[in-house]
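Every number for a ligand or one of its atoms is a count from 1 in the order of the listing.
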Amino acid sequence: MSWADKEGLGLNGGFKRVKVLIVGSGGREHCIVWKIFQSSLVDKIYCAPGNGGTALVAENLEIAATDIDSLLKFARKEKIGLTIVGPEAPLVEGIVDKFQSAGLKIFGPRKELALLEGSKIYAKEVMRKFGVPTADFEVFTGPEKAKEYIIKKDAPIVVKADGLAAGKGVIVCQNKSEAFAAVDLIMVDKKFGQAGERIIIEECLQGEEVSVLVFTDGETILPLISSQDHKRIFEGDKGPNSGGMGAYSPAPLVGEDNLTDIIKKVFKPVIEGLKREGKPYKGILYGGLMMKNDIPYVLEFNVRFGDPETQAILPKLKSDLVEIILKAIDGKLLGTKLEWDSRFCLCVVLASGGYPGSYQKGKEIKGLESLESREDIFVFHAGTKLVSRNQSAAVSLLTSGGRVMGVVGLGDNIEDAQNKVYKAIKKVEFEGMYYRKDIGYKAALK
Ligand code: AMP
Ligand code: GLY
């Protein structure tokens, strides 16, 4: 659909059409851009800074996701009617407070509540206060006391830096010497800087992980379909953690019954508790859960859409995302129903060889044209950029990051989705391309 085709589609849900600003540059942000492009409530989309995929549908801005002052200046000048923030850093830095003070609509929690992701200690304290299932833990401000505690506890044990550490601040330690080394890394070597001034040491839970995200306006809770991420770089969930190598939705572990139970045990206590304290939480609340004996233990809260979970969830969402978000901001979610495509959705991430270690950039990406006309296959770019060829209008698409893109497919069941996605990937080429061949394997075992 072009902008011109959307003229005259009129109002939706009582809202006027708006210009939308998406903050971020990953696969999640391209997927959000793709989804809201279908909304009859959208006039124009900007993405800051965006990537080679968002450039095709939105106008990319040369503003970093963390440059809040420049984002605000732009939003004021262009009269942006809605800003959606992808990554956690600007939320934790207080982008929502600043936009709201300027009278601009923005989706996400204020700084004080973004601490649910920005401080693992704050999140744990909230969970403890509101009776949410989570691993037993202790907080430490120095390495000596932390090590004394480790000596008294059984391994495996988990050591976590309190603050944001680009997904690397959690170390699952198989024995006590690994745990000592983790404490030293965070508190003595200061690997994560200030984020490691305080740490959590917690019980290691065994079970199966699942991601449950909800929209909330501070009161009403609207769950999205469940999903499962694949964080490790190698097949069979081996090797170091990455930003996420693939995802699928729904997670067979979480059916309707389970979801109701998870809302009751995890999300209601937190959202109602915060509201009682006069701090209504608005935005997406993402629970990274470990299911153990049907009990949803919270490993972490995130205050934003997941990546790559979003790429496996939004293609299933039939409802208008912009309408839902505007309702959440205005406190009007009550009575809203989400419509879902019943098909299974699978996302496989294509990465640069060497990622999550060092890798090369600037490799030409080929073969995407053959996937463009498919109704059931989508490509969401992450580390890509469009580069003009010398003195001609033609452009090349080059790799510019570790996770390059996600290839996403809708299928009648897990096997069908896997077949479609892996067949589609065969058409895509860039030097050094790496991807996991087993995304969805746990769902296929069910
Ligand atoms: P987090 O950023 O807190 O979600 O942690 C990253 C990953 O570490 C999770 O996805 C889990 O795989 C693992 N993890 C975190 N906390 C625990 C825990 N208490 N027990 C077992 N694994 C954990
Ligand atoms: N998929 C994990 C995250 O978004 O943090």
Classify the ring geometry between Phe107 and Phe215 as parallel (under 30°), tilted (30 to 60°) or perpendicular (over 60°).
-> tilted
Plane angle bin for Tyr149 and Phe140 - parallel if under 30°, tilted between 30 and 60°, otherwise perpendicular = tilted
Which atoms form the tightest heavy-atom contact between Asn60 and Asn51, and what is the distance?
-> ND2-O, 3.0 Å
State whether a side-chain donor-acceptor pair under 3.5 Å links [X] with [Y].
X	Y	answer
Lys124	Thr134	yes
Gln311	Asp307	yes
Glu59	Tyr46	no
Asp162	Ser119	yes

Go through ligand 1 atom by atom and flag the ones less than 4.0 Å from a non-hydrogen atom of [X].
X	answer
Lys160	3 (O), 15 (C), 16 (N)
Cys204	20 (N), 21 (C)
Lys120	2 (O), 3 (O)
Glu203	18 (C), 19 (N), 20 (N)

Do Lys231 and ligand 2 have an N or O pair less than 3.5 Å apart?
-> no
If we only count N/O pairs under 3.5 Å, is Arg28 in contact with ligand 2?
-> no
Report yes or no: does Arg304 have a heavy atom closer than 4.0 Å to ligand 2?
-> yes
Ligand 2 contact by Tyr286, heavy-atom criterion under 4.0 angstrom = yes
Is ligand 1 under 4.0 Å from a heavy atom in the side chain of Met290, in the backbone, in both, or in neither?
-> side chain
Should the proximity of Leu299 to ligand 1, defined as any heavy atom under 4.0 Å, be assigned to the side chain, the backbone, both, or neither?
-> both
Close-contact set for ligand 2 against Gly306 heavy atoms, below 4.0 Å = 4 (O)
Considering only heavy atoms of Asp229, which atoms of ligand 2 have at least one such atom less than 4.0 Å away?
-> 1 (N), 2 (C)
Counting heavy atoms only, which of Asp237, Leu289, Val172 is nearest atom 13 (C) of ligand 1?
-> Val172
Kindly identify the option in Asn302, Val170, Val158, Ile201 whose heavy atom sits closest to atom 7 (C) of ligand 1.
-> Val170
Give a yes/no verdict on whether any heavy atom in Gly288 is under 4.0 Å from an atom of ligand 1.
-> no
Report yes or no: does Glu235 contribute a side-chain atom to a donor-acceptor pair with the main-chain N or O of Lys437 at less than 3.5 Å?
-> yes
What's the shortest distance from atom 9 (C) of ligand 1 to any protein heavy atom, and which residue and atom give it?
-> Glu209 OE1, 3.5 Å
Just need the protein heavy atom nearest to atom 4 (O) of ligand 1, so name the residue and atom and give the distance.
-> Glu300 CD, 2.9 Å
Could you tell me the separation between the CD1 atom of Ile150 and the CG atom of Asn175, rounded to the nearest 0.5 Å?
-> 10.5 Å
Ionic contact status for [Y] with [X], cut-off 4.0 Å:
X	Y	answer
Glu431	Lys363	yes
Asp189	Lys191	no
Lys129	Glu277	yes

Please state which part of Glu309 comes within less than 4.0 Å of ligand 2, counting heavy atoms only: side chain, backbone, both or neither.
-> side chain
Looking only at N/O atoms, are Leu205 and ligand 1 under 3.5 Å apart anywhere?
-> yes
What do you reckon, does Glu202 have a nitrogen or oxygen under 3.5 Å from a nitrogen or oxygen of ligand 1?
-> yes
